Amino acid sequence: MNIYLHRIESSTSWAYNPFVKKIISRRLLMIKEDLKYTKEHEWVKIDGNTATIGITHHAQNELGDIVYVELPEIGKKVAQLGEFGVVESVKTVSNLYSPLTGTIEAINENLSSTPETINKDPYGDGWIIKITLENPDETKKLLDAKGYEKIISS
Amino acid sequence: MVVLKTTPLYEEHKKLGAKLVEFASFEMPVLYKNLIEEHLAVRQSVGMFDAGHMGIIKIIGHESLVTGQNTLLTRKIDDMVSGQIRYNRIVNDNKGIVDDILIYKDNSNYFAVFNASNSEKDRAFLKEKDIETEDLKLHIIAVQGPEAEKIIQKHADIDLSKIKYFRFQHGKFAGVNVIFSRTGYTGEKGFELIASWEDNPHVWQTLLKENVTPCGLGARDTLRIEAGMPLYGHELKDEWTNEKSNQILGIKMSGKAIPRQGYKVFDLDKTTEIGEITSGTFSPSLQIPIALAQVKNKNIGEEVFVQIRQKLYKGRLVKPVFINNTRK
(Lines give C-alpha, C1' and ligand atoms only; values in the text may rest on other atoms or scores of the structure.)
Protein backbone atom coordinates (compact mmCIF):
# COMPACT_ATOMS: atom_id res chain seq x y z
CA MET A 1 0.00 0.00 0.00
CA ASN A 2 1.41 3.40 -0.96
CA ILE A 3 1.60 6.33 1.35
CA TYR A 4 1.22 9.66 -0.38
CA LEU A 5 2.65 12.84 1.04
CA HIS A 6 -0.04 15.50 1.26
CA ARG A 7 0.97 19.13 0.98
CA ILE A 8 -1.18 21.45 3.05
CA GLU A 9 -2.43 24.15 0.69
CA SER A 10 -2.83 27.37 2.59
CA SER A 11 -5.94 28.21 0.60
CA THR A 12 -7.67 24.96 1.51
CA SER A 13 -9.66 25.70 4.65
CA TRP A 14 -10.53 22.05 5.38
CA ALA A 15 -6.83 21.43 6.06
CA TYR A 16 -7.11 23.60 9.13
CA ASN A 17 -9.69 21.29 10.73
CA PRO A 18 -7.67 19.95 13.70
CA PHE A 19 -8.79 16.36 13.10
CA VAL A 20 -7.79 16.50 9.45
CA LYS A 21 -4.52 18.21 10.35
CA LYS A 22 -3.61 15.23 12.55
CA ILE A 23 -4.25 12.75 9.75
CA ILE A 24 -2.23 14.86 7.34
CA SER A 25 0.64 15.22 9.80
CA ARG A 26 0.79 11.45 10.30
CA ARG A 27 0.81 10.96 6.56
CA LEU A 28 3.62 13.49 6.17
CA LEU A 29 5.56 11.51 8.77
CA MET A 30 4.70 8.30 6.86
CA ILE A 31 3.01 6.65 9.83
CA LYS A 32 0.50 4.04 8.77
CA GLU A 33 -2.77 4.12 10.69
CA ASP A 34 -3.42 0.37 10.55
CA LEU A 35 -0.14 -0.70 12.22
CA LYS A 36 1.10 -0.88 15.79
CA TYR A 37 4.46 0.49 16.89
CA THR A 38 7.18 0.26 19.53
CA LYS A 39 9.07 3.22 20.92
CA GLU A 40 12.14 1.62 19.33
CA HIS A 41 10.66 2.38 15.89
CA GLU A 42 9.54 -1.11 14.89
CA TRP A 43 6.11 -1.53 13.28
CA VAL A 44 3.97 -4.64 13.43
CA LYS A 45 1.08 -5.82 11.25
CA ILE A 46 -1.07 -8.46 12.87
CA ASP A 47 -2.90 -11.08 10.80
CA GLY A 48 -4.62 -13.55 13.09
CA ASN A 49 -1.83 -15.37 14.85
CA THR A 50 0.98 -14.08 12.59
CA ALA A 51 2.74 -10.76 12.94
CA THR A 52 4.90 -9.11 10.27
CA ILE A 53 7.59 -6.79 11.64
CA GLY A 54 9.78 -4.08 10.20
CA ILE A 55 11.16 -0.63 10.99
CA THR A 56 9.37 2.64 10.34
CA HIS A 57 9.99 5.28 7.71
CA HIS A 58 11.27 7.56 10.45
CA ALA A 59 13.80 4.92 11.55
CA GLN A 60 15.15 4.23 8.05
CA ASN A 61 15.38 7.95 7.42
CA GLU A 62 17.38 8.51 10.59
CA LEU A 63 19.71 5.60 9.83
CA GLY A 64 20.48 6.60 6.27
CA ASP A 65 21.38 4.02 3.63
CA ILE A 66 21.07 0.57 5.19
CA VAL A 67 23.97 -1.61 4.12
CA TYR A 68 23.61 -4.72 6.29
CA VAL A 69 20.86 -6.62 8.08
CA GLU A 70 21.56 -9.41 10.55
CA LEU A 71 18.55 -11.74 10.55
CA PRO A 72 17.70 -14.32 13.20
CA GLU A 73 17.18 -18.01 12.45
CA ILE A 74 13.77 -19.48 11.79
CA GLY A 75 12.48 -21.23 14.89
CA LYS A 76 14.14 -18.80 17.30
CA LYS A 77 11.95 -17.51 20.11
CA VAL A 78 11.81 -13.77 20.79
CA ALA A 79 10.34 -11.93 23.75
CA GLN A 80 8.45 -8.66 23.61
CA LEU A 81 11.14 -5.94 23.31
CA GLY A 82 13.82 -8.62 23.10
CA GLU A 83 16.55 -8.24 20.46
CA PHE A 84 16.07 -10.23 17.30
CA GLY A 85 18.67 -8.81 14.95
CA VAL A 86 20.65 -5.81 13.80
CA VAL A 87 20.29 -3.26 11.05
CA GLU A 88 23.37 -1.28 10.00
CA SER A 89 23.95 1.89 8.06
CA VAL A 90 27.42 2.99 7.02
CA LYS A 91 27.95 4.67 10.37
CA THR A 92 25.55 2.99 12.79
CA VAL A 93 24.76 -0.41 14.28
CA SER A 94 21.15 -0.53 15.46
CA ASN A 95 19.51 -3.34 17.42
CA LEU A 96 16.08 -4.58 16.38
CA TYR A 97 13.52 -5.25 19.13
CA SER A 98 10.50 -7.49 18.71
CA PRO A 99 7.16 -5.77 19.36
CA LEU A 100 5.63 -9.07 20.55
CA THR A 101 6.61 -12.44 22.00
CA GLY A 102 6.66 -15.32 19.55
CA THR A 103 8.59 -17.72 17.33
CA ILE A 104 10.29 -16.66 14.10
CA GLU A 105 8.40 -18.32 11.24
CA ALA A 106 9.89 -16.38 8.29
CA ILE A 107 12.78 -14.01 7.57
CA ASN A 108 13.15 -11.69 4.58
CA GLU A 109 16.15 -13.30 2.90
CA ASN A 110 16.17 -10.64 0.12
CA LEU A 111 17.57 -8.23 2.68
CA SER A 112 20.92 -10.07 2.55
CA SER A 113 21.49 -8.96 -1.02
CA THR A 114 19.41 -5.77 -1.07
CA PRO A 115 19.34 -4.29 2.43
CA GLU A 116 18.40 -0.92 0.90
CA THR A 117 14.88 -2.29 0.34
CA ILE A 118 14.19 -1.23 3.93
CA ASN A 119 14.92 2.39 2.93
CA LYS A 120 12.85 2.20 -0.26
CA ASP A 121 9.81 0.35 1.09
CA PRO A 122 9.97 0.06 4.90
CA TYR A 123 6.35 -1.11 5.30
CA GLY A 124 6.12 -3.38 2.23
CA ASP A 125 9.03 -5.23 0.63
CA GLY A 126 11.26 -4.05 3.48
CA TRP A 127 9.55 -6.31 6.08
CA ILE A 128 12.14 -8.05 8.23
CA ILE A 129 10.59 -11.02 10.08
CA LYS A 130 7.28 -12.77 10.58
CA ILE A 131 6.48 -14.38 13.94
CA THR A 132 3.85 -16.73 15.29
CA LEU A 133 2.36 -14.96 18.30
CA GLU A 134 2.52 -16.50 21.72
CA ASN A 135 0.37 -13.95 23.49
CA PRO A 136 -1.82 -11.72 21.28
CA ASP A 137 -2.88 -9.75 24.39
CA GLU A 138 0.54 -8.10 24.38
CA THR A 139 -0.62 -5.83 21.55
CA LYS A 140 -2.23 -3.67 24.25
CA LYS A 141 1.27 -2.61 25.27
CA LEU A 142 2.06 -1.29 21.79
CA LEU A 143 1.65 2.24 20.47
CA ASP A 144 -0.97 3.11 17.89
CA ALA A 145 -0.25 5.55 15.04
CA LYS A 146 -1.13 8.54 17.21
CA GLY A 147 1.10 7.30 20.05
CA TYR A 148 4.03 6.72 17.71
CA GLU A 149 3.59 10.13 16.13
CA LYS A 150 3.88 11.70 19.58
CA ILE A 151 7.19 9.95 20.14
CA ILE A 152 8.80 11.06 16.92
CA SER A 153 7.40 14.55 17.04
CA SER A 154 8.78 15.35 20.49
CA MET B 1 22.55 21.93 28.96
CA VAL B 2 25.71 21.77 26.88
CA VAL B 3 26.54 24.76 24.71
CA LEU B 4 28.41 23.63 21.66
CA LYS B 5 30.96 25.64 19.71
CA THR B 6 30.33 26.46 16.09
CA THR B 7 32.45 27.07 13.03
CA PRO B 8 32.09 30.16 10.80
CA LEU B 9 29.88 28.07 8.48
CA TYR B 10 27.16 27.14 11.00
CA GLU B 11 24.52 29.30 9.34
CA GLU B 12 25.47 27.86 5.93
CA HIS B 13 24.84 24.34 7.23
CA LYS B 14 21.46 25.33 8.57
CA LYS B 15 20.59 26.95 5.22
CA LEU B 16 21.39 23.66 3.51
CA GLY B 17 19.34 21.65 5.98
CA ALA B 18 22.36 19.69 7.24
CA LYS B 19 21.93 17.05 9.92
CA LEU B 20 23.95 18.54 12.78
CA VAL B 21 25.61 16.48 15.49
CA GLU B 22 28.07 17.07 18.30
CA PHE B 23 31.71 16.47 17.46
CA ALA B 24 34.62 17.54 19.66
CA SER B 25 32.34 20.04 21.42
CA PHE B 26 31.36 21.56 18.08
CA GLU B 27 28.02 21.41 16.33
CA MET B 28 28.98 19.90 12.97
CA PRO B 29 27.22 18.57 9.89
CA VAL B 30 27.35 14.77 9.72
CA LEU B 31 25.62 14.85 6.34
CA TYR B 32 23.60 17.20 4.14
CA LYS B 33 21.54 14.81 2.02
CA ASN B 34 23.09 11.35 1.87
CA LEU B 35 26.40 10.03 3.16
CA ILE B 36 27.09 7.67 0.27
CA GLU B 37 26.25 10.32 -2.35
CA GLU B 38 28.57 12.82 -0.66
CA HIS B 39 31.34 10.23 -0.45
CA LEU B 40 31.01 9.34 -4.14
CA ALA B 41 30.89 13.03 -5.15
CA VAL B 42 34.41 13.43 -3.74
CA ARG B 43 35.71 10.34 -5.53
CA GLN B 44 34.04 11.20 -8.83
CA SER B 45 34.07 15.01 -9.08
CA VAL B 46 34.42 17.40 -6.13
CA GLY B 47 33.09 17.85 -2.62
CA MET B 48 33.82 20.27 0.20
CA PHE B 49 34.02 19.91 3.96
CA ASP B 50 33.78 22.40 6.79
CA ALA B 51 36.94 21.60 8.76
CA GLY B 52 36.69 24.88 10.66
CA HIS B 53 36.68 23.10 13.99
CA MET B 54 40.34 22.09 13.63
CA GLY B 55 42.79 24.23 15.59
CA ILE B 56 45.29 26.31 13.59
CA ILE B 57 48.00 27.30 15.99
CA LYS B 58 51.15 29.38 15.56
CA ILE B 59 54.15 27.94 17.41
CA ILE B 60 55.57 31.03 19.12
CA GLY B 61 58.39 29.11 20.80
CA HIS B 62 59.42 27.27 17.67
CA GLU B 63 63.11 27.29 18.58
CA SER B 64 62.28 25.08 21.57
CA LEU B 65 60.20 22.82 19.37
CA VAL B 66 63.10 22.47 16.92
CA THR B 67 65.54 21.77 19.76
CA GLY B 68 63.16 19.20 21.21
CA GLN B 69 62.14 17.69 17.87
CA ASN B 70 63.73 14.33 18.53
CA THR B 71 61.73 13.71 21.69
CA LEU B 72 58.58 15.78 21.15
CA LEU B 73 57.89 14.83 17.54
CA THR B 74 58.13 11.70 15.40
CA ARG B 75 59.67 13.57 12.44
CA LYS B 76 62.14 16.43 12.44
CA ILE B 77 61.20 19.93 11.36
CA ASP B 78 64.53 21.77 11.27
CA ASP B 79 65.08 20.99 7.60
CA MET B 80 61.69 22.25 6.39
CA VAL B 81 61.63 25.02 3.80
CA SER B 82 59.15 27.87 3.63
CA GLY B 83 55.96 26.69 1.93
CA GLN B 84 56.42 23.11 3.08
CA ILE B 85 54.00 20.99 5.11
CA ARG B 86 54.94 17.90 7.06
CA TYR B 87 52.73 15.29 8.74
CA ASN B 88 53.91 14.76 12.32
CA ARG B 89 52.94 13.29 15.69
CA ILE B 90 53.42 14.89 19.10
CA VAL B 91 54.94 12.40 21.56
CA ASN B 92 54.45 12.42 25.34
CA ASP B 93 56.91 11.39 28.08
CA ASN B 94 55.79 7.76 27.84
CA LYS B 95 56.34 7.72 24.08
CA GLY B 96 52.57 7.73 23.58
CA ILE B 97 50.98 9.91 20.92
CA VAL B 98 49.38 13.16 22.04
CA ASP B 99 48.06 14.07 18.59
CA ASP B 100 48.81 13.83 14.89
CA ILE B 101 49.23 17.19 13.21
CA LEU B 102 50.34 18.96 10.07
CA ILE B 103 53.22 21.37 10.60
CA TYR B 104 53.56 24.29 8.18
CA LYS B 105 56.77 26.32 7.70
CA ASP B 106 55.89 29.86 6.70
CA ASN B 107 59.06 31.95 6.18
CA SER B 108 60.72 31.65 9.60
CA ASN B 109 57.52 30.73 11.41
CA TYR B 110 55.91 27.41 12.11
CA PHE B 111 52.20 26.82 12.51
CA ALA B 112 50.31 23.59 13.01
CA VAL B 113 46.87 22.17 12.35
CA PHE B 114 45.59 20.19 15.34
CA ASN B 115 42.68 17.78 15.59
CA ALA B 116 39.63 19.61 16.93
CA SER B 117 39.29 17.16 19.83
CA ASN B 118 42.91 17.74 20.89
CA SER B 119 43.53 21.46 20.37
CA GLU B 120 43.40 22.32 24.04
CA LYS B 121 45.32 19.21 25.08
CA ASP B 122 48.06 19.89 22.54
CA ARG B 123 48.47 23.53 23.54
CA ALA B 124 48.63 22.60 27.23
CA PHE B 125 51.19 19.89 26.50
CA LEU B 126 53.41 22.27 24.52
CA LYS B 127 53.04 24.97 27.17
CA GLU B 128 54.28 22.50 29.75
CA LYS B 129 57.35 22.04 27.57
CA ASP B 130 57.74 25.85 27.55
CA ILE B 131 56.51 26.16 23.99
CA GLU B 132 54.02 29.00 23.72
CA THR B 133 51.35 28.87 21.06
CA GLU B 134 48.83 31.31 19.60
CA ASP B 135 45.46 30.59 18.04
CA LEU B 136 45.62 32.06 14.54
CA LYS B 137 41.81 32.13 14.31
CA LEU B 138 41.86 30.66 10.83
CA HIS B 139 39.49 27.99 9.51
CA ILE B 140 39.74 25.30 6.87
CA ILE B 141 37.38 24.43 4.03
CA ALA B 142 38.64 21.22 2.40
CA VAL B 143 37.86 20.95 -1.31
CA GLN B 144 38.59 17.45 -2.57
CA GLY B 145 38.17 15.42 -5.74
CA PRO B 146 39.47 15.16 -9.33
CA GLU B 147 37.69 18.41 -10.30
CA ALA B 148 38.73 20.36 -7.20
CA GLU B 149 41.78 22.14 -8.62
CA LYS B 150 40.03 23.26 -11.80
CA ILE B 151 37.22 24.85 -9.80
CA ILE B 152 39.45 26.49 -7.21
CA GLN B 153 41.73 27.87 -9.97
CA LYS B 154 38.78 29.76 -11.46
CA HIS B 155 38.76 32.02 -8.41
CA ALA B 156 42.44 31.87 -7.41
CA ASP B 157 44.84 34.70 -8.20
CA ILE B 158 47.89 32.39 -8.27
CA ASP B 159 48.86 29.44 -10.45
CA LEU B 160 47.88 26.42 -8.40
CA SER B 161 49.77 24.01 -10.65
CA LYS B 162 52.98 25.46 -9.18
CA ILE B 163 52.04 24.19 -5.69
CA LYS B 164 53.27 20.65 -5.17
CA TYR B 165 51.68 18.05 -2.89
CA PHE B 166 52.20 18.97 0.78
CA ARG B 167 53.14 22.54 -0.12
CA PHE B 168 51.17 25.75 0.40
CA GLN B 169 51.04 29.33 -0.80
CA HIS B 170 49.32 32.51 0.29
CA GLY B 171 47.01 34.10 -2.25
CA LYS B 172 43.47 35.29 -2.87
CA PHE B 173 40.40 33.20 -3.54
CA ALA B 174 37.34 35.11 -4.79
CA GLY B 175 39.02 38.29 -3.61
CA VAL B 176 39.77 37.23 -0.03
CA ASN B 177 43.06 36.14 1.54
CA VAL B 178 43.49 32.40 1.79
CA ILE B 179 46.27 29.90 2.22
CA PHE B 180 46.08 27.33 -0.59
CA SER B 181 47.28 24.09 1.04
CA ARG B 182 47.63 21.09 -1.25
CA THR B 183 46.62 18.61 1.42
CA GLY B 184 43.54 16.61 2.31
CA TYR B 185 42.01 13.79 4.28
CA THR B 186 40.22 11.88 1.54
CA GLY B 187 42.75 10.15 -0.71
CA GLU B 188 41.73 12.43 -3.60
CA LYS B 189 43.53 15.42 -5.08
CA GLY B 190 42.50 18.81 -3.84
CA PHE B 191 43.23 21.70 -1.56
CA GLU B 192 42.45 22.88 1.90
CA LEU B 193 41.57 26.58 1.81
CA ILE B 194 42.47 28.36 5.02
CA ALA B 195 40.75 31.68 5.68
CA SER B 196 39.64 33.98 8.49
CA TRP B 197 36.33 33.56 10.32
CA GLU B 198 34.86 36.52 8.43
CA ASP B 199 35.91 35.25 5.00
CA ASN B 200 34.94 31.60 5.39
CA PRO B 201 31.27 32.01 4.38
CA HIS B 202 32.28 33.87 1.20
CA VAL B 203 34.66 31.07 0.21
CA TRP B 204 31.95 28.45 0.90
CA GLN B 205 29.27 30.34 -1.01
CA THR B 206 31.58 30.85 -4.00
CA LEU B 207 32.18 27.10 -4.12
CA LEU B 208 28.48 26.35 -3.70
CA LYS B 209 27.77 28.48 -6.77
CA GLU B 210 30.22 26.23 -8.63
CA ASN B 211 28.02 23.27 -7.64
CA VAL B 212 30.62 21.78 -5.33
CA THR B 213 28.82 19.15 -3.20
CA PRO B 214 28.79 19.96 0.52
CA CYS B 215 29.95 16.87 2.43
CA GLY B 216 29.64 16.08 6.13
CA LEU B 217 31.69 14.26 8.73
CA GLY B 218 30.06 10.96 7.81
CA ALA B 219 31.57 11.00 4.31
CA ARG B 220 34.80 12.45 5.71
CA ASP B 221 35.19 9.32 7.82
CA THR B 222 34.40 6.77 5.09
CA LEU B 223 36.76 8.56 2.69
CA ARG B 224 39.65 8.68 5.15
CA ILE B 225 39.22 5.00 6.08
CA GLU B 226 39.37 4.05 2.39
CA ALA B 227 42.47 6.25 2.11
CA GLY B 228 43.99 4.50 5.12
CA MET B 229 44.42 7.77 6.99
CA PRO B 230 44.57 7.49 10.77
CA LEU B 231 42.09 9.20 13.05
CA TYR B 232 43.13 10.14 16.58
CA GLY B 233 41.22 8.08 19.07
CA HIS B 234 41.13 5.16 16.64
CA GLU B 235 44.56 4.41 15.08
CA LEU B 236 46.37 6.82 17.42
CA LYS B 237 46.01 7.05 21.18
CA ASP B 238 47.78 8.46 24.24
CA GLU B 239 48.54 4.93 25.41
CA TRP B 240 49.92 3.63 22.14
CA THR B 241 53.51 4.21 21.06
CA ASN B 242 54.25 5.26 17.50
CA GLU B 243 55.54 1.74 16.87
CA LYS B 244 52.22 0.19 17.88
CA SER B 245 50.28 2.65 15.70
CA ASN B 246 52.47 1.71 12.77
CA GLN B 247 51.30 -1.90 13.10
CA ILE B 248 48.02 -0.90 11.47
CA LEU B 249 46.97 -3.05 8.51
CA GLY B 250 43.88 -3.07 6.35
CA ILE B 251 41.25 -5.81 6.30
CA LYS B 252 38.92 -6.61 3.42
CA MET B 253 36.02 -8.71 4.68
CA SER B 254 34.93 -11.78 2.70
CA GLY B 255 31.27 -11.47 3.63
CA LYS B 256 28.85 -8.67 4.33
CA ALA B 257 29.12 -8.29 8.11
CA ILE B 258 30.74 -4.99 9.03
CA PRO B 259 33.70 -4.75 11.45
CA ARG B 260 33.64 -1.81 13.88
CA GLN B 261 36.11 -0.18 16.27
CA GLY B 262 37.02 -2.41 19.19
CA TYR B 263 35.98 -5.73 17.61
CA LYS B 264 38.61 -8.41 18.18
CA VAL B 265 40.73 -9.98 15.47
CA PHE B 266 41.66 -13.67 15.70
CA ASP B 267 44.14 -15.92 13.97
CA LEU B 268 42.91 -18.72 11.68
CA ASP B 269 42.82 -21.07 14.68
CA LYS B 270 39.85 -18.96 15.84
CA THR B 271 41.22 -18.76 19.38
CA THR B 272 44.44 -16.71 19.32
CA GLU B 273 43.60 -13.05 19.65
CA ILE B 274 45.99 -11.10 17.42
CA GLY B 275 44.63 -7.59 17.46
CA GLU B 276 41.65 -5.27 17.28
CA ILE B 277 39.74 -3.19 14.75
CA THR B 278 40.60 0.50 15.03
CA SER B 279 38.18 1.73 12.37
CA GLY B 280 35.62 -0.15 10.28
CA THR B 281 32.88 0.67 7.85
CA PHE B 282 31.03 -0.36 4.74
CA SER B 283 33.12 1.11 1.91
CA PRO B 284 30.90 3.10 -0.45
CA SER B 285 33.56 2.98 -3.19
CA LEU B 286 34.53 -0.68 -2.90
CA GLN B 287 31.05 -1.87 -1.89
CA ILE B 288 32.46 -4.24 0.74
CA PRO B 289 33.09 -3.95 4.48
CA ILE B 290 36.64 -2.80 5.21
CA ALA B 291 38.63 -2.02 8.32
CA LEU B 292 41.88 -0.71 9.70
CA ALA B 293 43.21 -2.89 12.49
CA GLN B 294 46.11 -2.99 14.90
CA VAL B 295 47.44 -6.49 14.29
CA LYS B 296 50.60 -8.15 15.61
CA ASN B 297 52.86 -10.58 13.79
CA LYS B 298 50.78 -11.08 10.67
CA ASN B 299 51.54 -10.34 7.05
CA ILE B 300 49.63 -8.79 4.19
CA GLY B 301 47.82 -11.52 2.28
CA GLU B 302 47.08 -13.66 5.32
CA GLU B 303 43.53 -14.40 6.39
CA VAL B 304 42.10 -13.56 9.80
CA PHE B 305 38.81 -13.77 11.66
CA VAL B 306 36.97 -10.73 13.00
CA GLN B 307 34.54 -11.22 15.87
CA ILE B 308 31.32 -9.39 15.06
CA ARG B 309 28.88 -9.70 17.91
CA GLN B 310 29.08 -13.40 18.84
CA LYS B 311 30.29 -14.84 15.51
CA LEU B 312 33.60 -14.97 13.62
CA TYR B 313 33.80 -13.65 10.07
CA LYS B 314 36.69 -14.08 7.64
CA GLY B 315 38.73 -11.27 6.22
CA ARG B 316 42.04 -10.80 4.44
CA LEU B 317 44.89 -8.56 5.56
CA VAL B 318 45.81 -5.94 2.99
CA LYS B 319 47.93 -2.79 2.77
CA PRO B 320 46.39 -0.13 5.04
CA VAL B 321 45.48 1.99 2.00
CA PHE B 322 42.45 0.97 -0.06
CA ILE B 323 42.19 4.01 -2.34
CA ASN B 324 44.77 6.73 -2.98
CA ASN B 325 44.36 9.03 -5.98
CA THR B 326 46.48 11.93 -4.73
CA ARG B 327 49.37 11.24 -7.05
CA LYS B 328 47.52 10.09 -10.15
Side-chain angles (χ1 to χ4, degrees), chain A residues 5 7 28-30 41 55-78 82-98 104 107-122 126 128-129 152-154, chain B residues 17-23 28-43 215-226 231 234 253-263 277 279-291 306-313:
Chain A
L5 289 177
R7 294 270 164 233
L28 278 168
L29 295 168
M30 305 276 256
H41 311 287
I55 62 170
T56 63
H57 165 80
H58 173 84
Q60 68 77 25
N61 193 46
E62 287 293 304
L63 282 168
D65 290 329
I66 292 168
V67 293
Y68 182 70
V69 183
E70 191 175 274
L71 297 166
E73 278 170 21
I74 294 180
K76 178 172 173 186
K77 285 197 180 2
V78 286
E83 281 173 40
F84 70 84
V86 159
V87 85
E88 291 192 59
S89 65
V90 174
K91 284 205 72 59
T92 329
V93 179
S94 224
N95 287 327
L96 294 165
Y97 300 97
S98 183
I104 313 266
I107 57 177
N108 189 349
E109 312 233 9
N110 291 330
L111 297 178
S112 297
S113 48
T114 48
E116 63 275 13
T117 311
I118 296 181
N119 297 111
K120 294 194 184 126
D121 191 9
I128 305 176
I129 58 170
I152 66 178
S153 304
S154 59
Chain B
K19 181 171 181 178
L20 296 166
V21 296
E22 196 230 310
F23 182 81
M28 298 296 288
V30 69
L31 57 87
Y32 295 83
K33 292 228 176 71
N34 179 291
L35 189 160
I36 293 181
E37 276 171 29
E38 289 162 28
H39 175 112
L40 294 175
V42 171
R43 291 264 176 259
C215 303
L217 294 182
R220 190 166 168 81
D221 196 40
T222 47
L223 287 159
R224 71 97 190 162
I225 293 175
E226 287 181 352
L231 175 62
H234 290 248
M253 298 301 289
S254 310
K256 303 194 177 175
I258 303 170
R260 305 275 181 186
Q261 182 183 24
Y263 290 10
I277 304 294
S279 299
T281 187
F282 174 80
S283 160
S285 294
L286 301 173
Q287 294 281 297
I288 56 166
I290 59 171
V306 179
Q307 186 185 342
I308 300 175
R309 292 175 283 281
Q310 277 66 49
K311 300 215 316 243
L312 294 178
Y313 295 84

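For clarity, every value in this text was computed on a predicted model and none was experimentally measured. Order of the sequence lines sets the chain letters (A, B, ...), proteins ahead of strands, with each chain counted from 1.
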- Please check if the side chain of B:K256 supplies one atom and the backbone of A:V67 the other of a donor-acceptor pair under 3.5 Å.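 Looks like no, no N/O pair under 3.5 Å.
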- Note on the structure: Within residues 215-225 of chain B, the residues sitting under 4.5 Å from chain A by heavy atom, in sequence order, are B:G218, B:D221, B:T222
- Query: Does some side-chain heavy atom of A:D65 sit less than 4.5 Å from a side-chain heavy atom of B:N34?
  - Reply: yes
- Message: Looking at every non-hydrogen atom in both residues, tell me the closest pair between A:Y68 and B:R309 and how far apart they are.
- Response: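 That closest heavy-atom pairing would be CE2-NH2, 3.8 Å.
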- Message: Around atom CD of A:E109, are there more than 12 heavy atoms from other residues, nucleotides or ligands closer than 6.0 Å?
- Response: no
- Message: Does anything in residues 83-96 of chain A reach chain B? List residues with heavy atoms under 4.5 Å apart, or say none.
- Response: A:V86, A:E88, A:S89, A:V90, A:K91, A:T92, A:V93
- Query: Is it the side chain or the backbone of B:I258 that comes within 4.5 Å of chain A heavy atoms, both, or neither?
  - Reply: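 It is both, since atoms from each part get that close.
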